[in-house]
Amino acid sequence: MSENQNLLAEQRRTLILDEVRRRGGVRVNELTRRLGVSDMTVRRDLDALARQGVLEKVHGGAVPVEASTHEPGFEAKSGLELTAKEDIARTAAELVPPGAAIALSGGTTTFALAHRLTEVPDLTVVTNSVRVADVFHAAQRSSGSRQGAATVVLTGGVRTPSDSLVGPVADQAIAALHFDLLFLGVHGISVEAGLSTPNLAEAETNRRLVQSARRVVVVADHTKWGTVGLSSFASLEQVDTLVTDSGLSAEARAEVSEHLRRLVVAGESERSEDEPAAAADA
């Protein structure tokens with residue numbers, strides 16, 4: 001990469017994280033040459049990524065954290081891939097027709113999606129995310145008793161570091177419900193492991209969400225591809241649609257297309273030829 005001082009910190013850190021994950025570790029001097037920035041800038045970026053829990057600093061560089069068991073908290077994850085998450089949320093919101101019964105799992109991308117859905121009338125929203133429920137409740141408070149406001153069902157359960165509610169209480173509540181669309185955030189997605197998470201209890205709750213949904217839509221930025229958590233909870237064949245960002249490589253897109261019915265890349269072609277609009281089949 002040539003000298004480019006105009007890269008935003010977010011973009012730079014995304015490139016650094018991609019490089020660390022792809023190569024299994026990088027050195028500071030390699031990053032300074034690749035990014036065309038100072039040693040001090042790279043070290044600040046590594047410090048920020050280490051605080052977010054997505055890599056570990058070592059002498060002279062950085063290595064990835066152990067993906068199978070590490071579960072960053074909501075605040076740590078919320079600072080990653082902000083632009084991609086907003087693009088994904090905007091595109092995913094277009095799949096939701098008025099009056100639908102939908103479910104949103106926990107996660108920072110579903111949190112971004114929730115903000116986009118507050119203006120869609122007459123939704124019934126099932127969620128095991130405290131953060132997602134708060135978005136709809138805040139919208140209702142600010143607009144008063146607005147006609148068409150969403151009805152929100154928050155499952156009970158035990159709170160995870162990502163502010164999801166999991167465990168037997170959540171599982172039982174979800175098993176008794178049925179919804180048109182499930183929007184599912186994931187820790188990792190791959191051909192071999194499918195959808196995965198480092199939290200065993202969250203994996204079981206996510207299985208229940210998938211079982212209760214007519215259609216499953218995964219919302220995940222490109223950095224989730226190839227990441228494998230401790231516990232798999234669904235295969236790619238159980239997913240109807242993946243909504244992702246343009247950072248997903250051509251190779252990954254080809255692999256996804258072999259296993260999923262529909263791939264939607266935010267900002268690019270957003271509907272497969274053989275699938276009608278969501279409003280027609282929801």
Side-chain angles (χ1 to χ4, degrees), residues 1-90 106-115 129 131 135 160-164 185-190 196-199 219-230 244-249 252 265-267:
M1 182 180 296
S2 60
E3 177 78 19
N4 187 352
Q5 296 291 347
N6 295 321
L7 276 178
L8 297 175
E10 177 192 337
Q11 296 172 315
R12 235 183 14 253
R13 290 167 189 172
T14 296
L15 291 172
I16 291 172
L17 186 58
D18 285 348
E19 194 75 357
V20 169
R21 287 173 169 168
R22 183 176 66 84
R23 296 175 53 191
V26 293
R27 299 188 64 81
V28 171
N29 58 6
E30 293 172 339
L31 291 173
T32 58
R33 290 194 300 269
R34 179 172 175 76
L35 298 172
V37 295
S38 69
D39 179 280
M40 184 176 297
T41 296
V42 168
R43 292 184 186 278
R44 281 200 300 265
D45 288 340
L46 293 179
D47 285 338
L49 291 167
R51 286 195 299 271
Q52 292 168 354
V54 294
L55 58 72
E56 180 182 353
K57 289 184 66 181
V58 295
H59 181 68
V63 296
V65 295
E66 183 58 50
S68 63
T69 59
H70 181 74
E71 183 180 11
F74 185 92
E75 297 299 340
K77 292 188 291 185
S78 64
L80 300 174
E81 301 297 332
L82 296 176
T83 301
K85 289 172 184 175
E86 287 299 325
D87 290 343
I88 291 167
R90 182 182 63 253
T108 52
T109 309
T110 50
F111 177 72
L113 174 58
H115 284 88
S129 168
R131 301 273 186 159
V135 169
T160 70
S162 59
D163 286 343
S164 298
V186 296
H187 173 82
I189 177 171
S190 71
S196 61
T197 172
N199 189 302
V219 286
D221 68 74
H222 71 281
T223 65
K224 304 297 180 66
W225 181 258
T227 297
V228 177
L230 178 64
T244 189
D245 65 288
S246 58
L248 191 69
S249 69
V265 180

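We're numbering straight along the sequence, starting at 1. Since the model is a prediction, treat every value here as computed from it, not as a measurement.
- Between T108 atom OG1 and R131 atom CZ the span is 10.0 Å, to the nearest 0.5 Å.
- Interatomic distance, L49 CG to R12 CZ, rounded to the nearest 0.5 Å: 10.0 Å.
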For this session: Determine, stepwise, if the pair H222 / T14 fulfils side chain to side chain contact (heavy atoms under 4.5 Å, CB included).
Result: CA-CA 10 Å; H222 71 281; T14 296; 4.0 Å; yes
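- The pair R90-D87 meets the salt-bridge criterion, with a side-chain N (NZ, NE, NH1 or NH2) lying under 4.0 Å from an Asp/Glu carboxylate O.
- Applying the side-chain hydrogen bond (donor to acceptor under 3.5 Å, both in side chains) test to D39 and every residue at least two apart in sequence or in another chain returns R43.
- Applying the side-chain contact (heavy atoms from CB on, under 4.5 Å) rule to A112 yields the partners E86, A89; only residues at least two apart in sequence or on another chain are considered.
- Between R34 and V26 there is no side-chain heavy-atom pair separated by less than 4.5 Å.
- Side-chain N or O atoms of T32 include none that pairs as donor or acceptor with a backbone N or O of S38 at under 3.5 Å.
- Contact between S129 and G106 at its shortest, heavy atoms only, is CB-CA, 3.6 Å.
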Exercise. Could you walk me through whether V265 and L248 pass the side chain to side chain contact (heavy atoms under 4.5 Å, CB included) check?
Worked result: CA-CA 8 Å; V265 180; L248 191 69; 5.6 Å; no
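- Not a single donor-acceptor pair under 3.5 Å links the side chain of T227 to the backbone N or O of G188.
- Minimum interatomic distance between G107 and S164 (heavy atoms only, all atoms of both residues): N-OG, 4.5 Å.
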For this session: Carefully, step by step, assess V37 and D45 under the rule side chain to side chain contact (heavy atoms under 4.5 Å, CB included).
Result: CA-CA 11 Å; V37 295; D45 288 340; 5.6 Å; no
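- Remark: the backbone N or O of K85 is not paired with any side-chain donor or acceptor of D221 at under 3.5 angstrom.
- From T83, atom OG1 reaches atom CD of Q11 across 7.0 Å, with rounding to the nearest 0.5 Å.
- Heavy atoms only, all atoms of each residue included: I16 and L35 are closest at CG1-CD1, 3.7 Å.
- Taking every heavy atom of both residues into account, A62 and L46 meet most closely at CB-CD2, 3.9 Å.
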